[in-house]
2 protein chains.
Amino acid sequence: MEERKKISMAVIRRLPRYYRYLSDLVDNDISRISSKELASKMGITASQIRQDLNCFGGFGQQGYGYHVDTLFSEIGKILGTQNNFKIVIIGAGRLGRALAHYPNFIKRGYEVTGIFDVSNTIIGSIINGIEVMNIDYLKSFTKLNKVDIAVLTVPSSSIRDVALLACEAGIRGIWNFSPKELDLPDDIVVENVHLSDSLMVLGYSLTQKND
Amino acid sequence: MEERKKISMAVIRRLPRYYRYLSDLVDNDISRISSKELASKMGITASQIRQDLNCFGGFGQQGYGYHVDTLFSEIGKILGTQNNFKIVIIGAGRLGRALAHYPNFIKRGYEVTGIFDVSNTIIGSIINGIEVMNIDYLKSFTKLNKVDIAVLTVPSSSIRDVALLACEAGIRGIWNFSPKELDLPDDIVVENVHLSDSLMVLGYSLTQKND
DNA sequence: TAGATTGTTAATCGATTAACAATC
DNA sequence: TAGATTGTTAATCGATTAACAATC
């Protein structure tokens with residue numbers, strides 16, 4: 001797997017967006033697209049698309065463009081859709097429960113295998129067909145089921161402890177919904193969803209428009 | 001309000017992060033911090049912090065650093081925390097309901113004034129003290145209550161229609177939780193939370209670690 | 001073949017970092 | 001005053017865009 005050079009995060013973060021647009025094209029039975037056409041749909045330059053895609057190899061064909069199906073599935077592979085990543089949700093509050101029903105887990109090739117909480121009122125209840133377990137069983141469950149990802153929807157006050165627990169349990173990636181930064185070993189991948197940050201950027205833009 | 005020059009989105013998107021770190025310092029009764037200290041806490045360069053802050057004016061003091069309280073409240077102002085933005089949530093499914101209870105709305109100076117849906121099973125129910133209204137009342141409610149922001153937690157299939165409806169109703173900003181891009185008039189501010197994009201970036205990183 | 005469009009190199013633009021004079 | 005640290009300019013680095021030869 002000889003990597004040519006480090007691919008920048010800026011490129012990686014655009015891949016899911018390409019993936020969505022290609023998914024729409026597939027749905028509309030469009031089989032072929034040029035970088036120029038796609039660029040105009042997405043509001044970016046054709047150059048950027050070609051540069052981005054060529055980080056991963058030449059998916060196109062000169063004089064023709066790109067096969068939509070091929071490109072869609074190639075980007076999917078790059079993003080790991082075929083890995084069947086297994087997920088547990090830790091924290092079965094409102095957000096955790098909403099995510100347990102999140103249809104894109106399935107659509108994007110992920111599988112929710114377990115839900116955990118600390119509260120006795122919640123433990124034992126069924127969410128989307130899965131019984132909420134006591135967090136004490138996280139470690140044994142994770143090992144047994146080879147869980148890859150922990151979705152953390154616990155209160156900020158306990159986020160760091162829970163994150164460490166998940167690491168001890170052998171989790172490899174964390175999808176963090178708390179507004180705290182996690183300082184974890186280098187081999188753990190963390191992806192943050194800082195909702196409040198996003199909201200405040202919206203607040204900033206609105207404030208600008210006021211003036 | 002003479003703007004010197006355009007402030008880049010890269011800078012803006014870092015502001016909420018500064019805001020969070022400063023909030024922690026305030027909570028810990030730390031009254032003074034240098035760019036160097038803050039930089040080491042945040043894992044960025046002191047230069048970047050000083051450059052970022054100086055987009056908005058000189059908040060520091062040579063030889064001393066920054067007053068934590070002042071800086072915190074100044075950044076808050078920039079982000080619009082004092083504007084008391086009014087919010088409606090459209091789509092009272094699981095995610096909408098979870099967001100209706102989101103504590104950071106209050107903490108960051110936002111107020112949820114209304115919740116809307118199309119389903120008769122949901123309309124009339126109470127979520128966090130607010131009765132879910134029929135979306136037909138969106139326009140009159142928005143005008144009457146001077147609502148600024150619509151949080152869109154509706155299915156992707158209806159997102160574009162609902163976004164247009166919100167614009168007609170006089171909303172100024174949209175917090176979009178669907179995986180679709182919105183093409184709206186220039187005076188409407190859109191902030192996207194593309195959960196599936198975030199998840200797929202996590203998937204990418206995990207796939208890389210596999211090799 | 002001629003036209004179209006890629007893959008890729010070179011040029012430009014913007015963002016980050018370094019350096020330092022100003023000054024508290 | 002001497003030491004510390006900012007605000008700001010200059011240097012570097014990286015990302016985006018433009019251009020074009022290769023080729024389907």
Side-chain angles (χ1 to χ4, degrees), chain A residues 2-18 21-22 25 30-75 78 197 201 204, chain B residues 2-18 21-22 25 30-75 78 197 201 204:
Chain A
E2 204 200 311
E3 294 295 310
R4 287 134 245 256
K5 60 171 88 155
K6 182 93 170 59
I7 294 157
S8 83
M9 254 340 213
V11 175
I12 306 304
R13 294 207 173 274
R14 281 192 292 268
L15 292 181
R17 188 152 180 265
Y18 292 134
Y21 274 85
L22 288 164
L25 293 174
I30 293 163
S31 64
R32 180 214 140 202
I33 194 149
S34 67
S35 57
K36 196 179 159 197
E37 247 180 308
L38 185 57
S40 99
K41 270 185 203 294
M42 297 182 66
I44 58 179
T45 64
S47 239
Q48 182 162 70
I49 292 177
R50 294 205 300 276
Q51 283 277 22
D52 284 354
L53 296 180
N54 275 86
C55 292
F56 305 96
F59 301 126
Q61 203 172 310
Q62 273 127 326
Y64 176 87
Y66 299 86
H67 286 282
V68 171
D69 286 334
T70 317
L71 192 53
F72 178 66
S73 84
E74 287 298 331
I75 295 181
I78 294 165
D197 288 20
V201 170
Y204 170 84
Chain B
E2 206 201 310
E3 294 295 310
R4 287 136 245 257
K5 63 169 88 154
K6 183 90 171 61
I7 293 158
S8 82
M9 255 340 216
V11 175
I12 306 304
R13 295 209 170 271
R14 282 194 290 269
L15 292 180
R17 188 153 180 262
Y18 292 135
Y21 273 86
L22 289 163
L25 293 173
I30 292 163
S31 64
R32 187 217 133 199
I33 194 146
S34 68
S35 58
K36 196 179 158 195
E37 247 179 307
L38 184 57
S40 100
K41 269 185 203 294
M42 296 182 67
I44 58 177
T45 63
S47 238
Q48 182 162 71
I49 293 178
R50 295 205 298 279
Q51 285 277 23
D52 284 353
L53 297 180
N54 274 87
C55 292
F56 304 96
F59 301 127
Q61 203 172 311
Q62 272 128 327
Y64 174 89
Y66 299 85
H67 287 281
V68 172
D69 286 335
T70 317
L71 192 53
F72 178 65
S73 83
E74 287 297 333
I75 295 181
I78 294 165
D197 288 19
V201 170
Y204 170 84

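In what follows, every heavy atom counts, from backbone to side chain, and hydrogens, waters and symmetry copies are set aside. Note on naming: letters A, B, ... go to the chains in the order of the sequence lines (proteins, then strands), and numbering restarts at 1 for each one.
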[atom1] of [X] versus [atom2] of [N]: gap in Å, rounded?
X: B:Asp52; N: D:dT6; atom1: CG; atom2: C1'; answer: 15 Å
X: A:Lys6; N: D:dG14; atom1: NZ; atom2: P; answer: 11 Å
X: B:Asn54; N: C:dA15; atom1: CG; atom2: C1'; answer: 16 Å
X: A:Phe59; N: C:dT8; atom1: CZ; atom2: P; answer: 12 Å
X: A:Arg32; N: C:dA4; atom1: CZ; atom2: P; answer: 11 Å
X: A:Met9; N: C:dT16; atom1: CE; atom2: P; answer: 16 Å
X: B:Ile33; N: D:dT5; atom1: CD1; atom2: C1'; answer: 13 Å
X: A:Gln51; N: C:dT8; atom1: CD; atom2: C1'; answer: 7 Å

Quick one: label A:Thr45 by what it contacts on the DNA or RNA (base, sugar-phosphate, nothing), any heavy atom closer than 4.0 Å. sugar-phosphate

When all nucleic acid strands are considered with a 4.0 Å heavy-atom cut-off, which category describes B:Ser47: base, sugar-phosphate, or nothing? base

Pairing partner (Watson-Crick or G-U wobble, both distances under 3.5 angstrom) of D:dG7: C:dC20

Among C:dG7, C:dT16, D:dT6, find the nucleotide with the atom closest to the side chain of B:Ser35.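 The answer is D:dT6.
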
Measure from the side-chain heavy atoms of B:Ser8 and tell me the nearest of C:dA15, C:dT6, C:dT23. C:dA15

For [N], take OP1 and OP2 only and decide whether either is under 4.0 Å from a side-chain N or O of [X].
X: B:Arg50; N: D:dG7; value: no
X: A:Arg14; N: D:dT16; value: yes
X: B:Gln48; N: C:dT16; value: yes
X: A:Tyr66; N: C:dG7; value: yes

Passes side-chain contact (heavy atoms from CB on, under 4.5 Å), A:Phe56 versus A:Leu15? Steps please. CA-CA 11 Å; A:Phe56 305 96; A:Leu15 292 181; 3.7 Å; yes

State whether the distance check finds a donor on one side and an acceptor on the other, under 3.5 Å, for side chain A:Gln62 versus base C:dT5. no

What's the separation between atom CD1 in B:Ile7 and atom CG in B:Asp52, rounded to the nearest 0.5 Å? 10.0 Å

Nearest 0.5 Å please: distance from the OH atom of A:Tyr18 over to the CD atom of A:Gln48. 5.0 Å

Does A:Ile44 reach the side chain of A:Arg17, with side-chain heavy atoms less than 4.5 Å apart? yes

Within the 4.5 Å heavy-atom criterion, are B:Tyr66 and B:Arg50 side-chain neighbours or not?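 Touching, per the 4.5 Å side-chain cut-off.
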
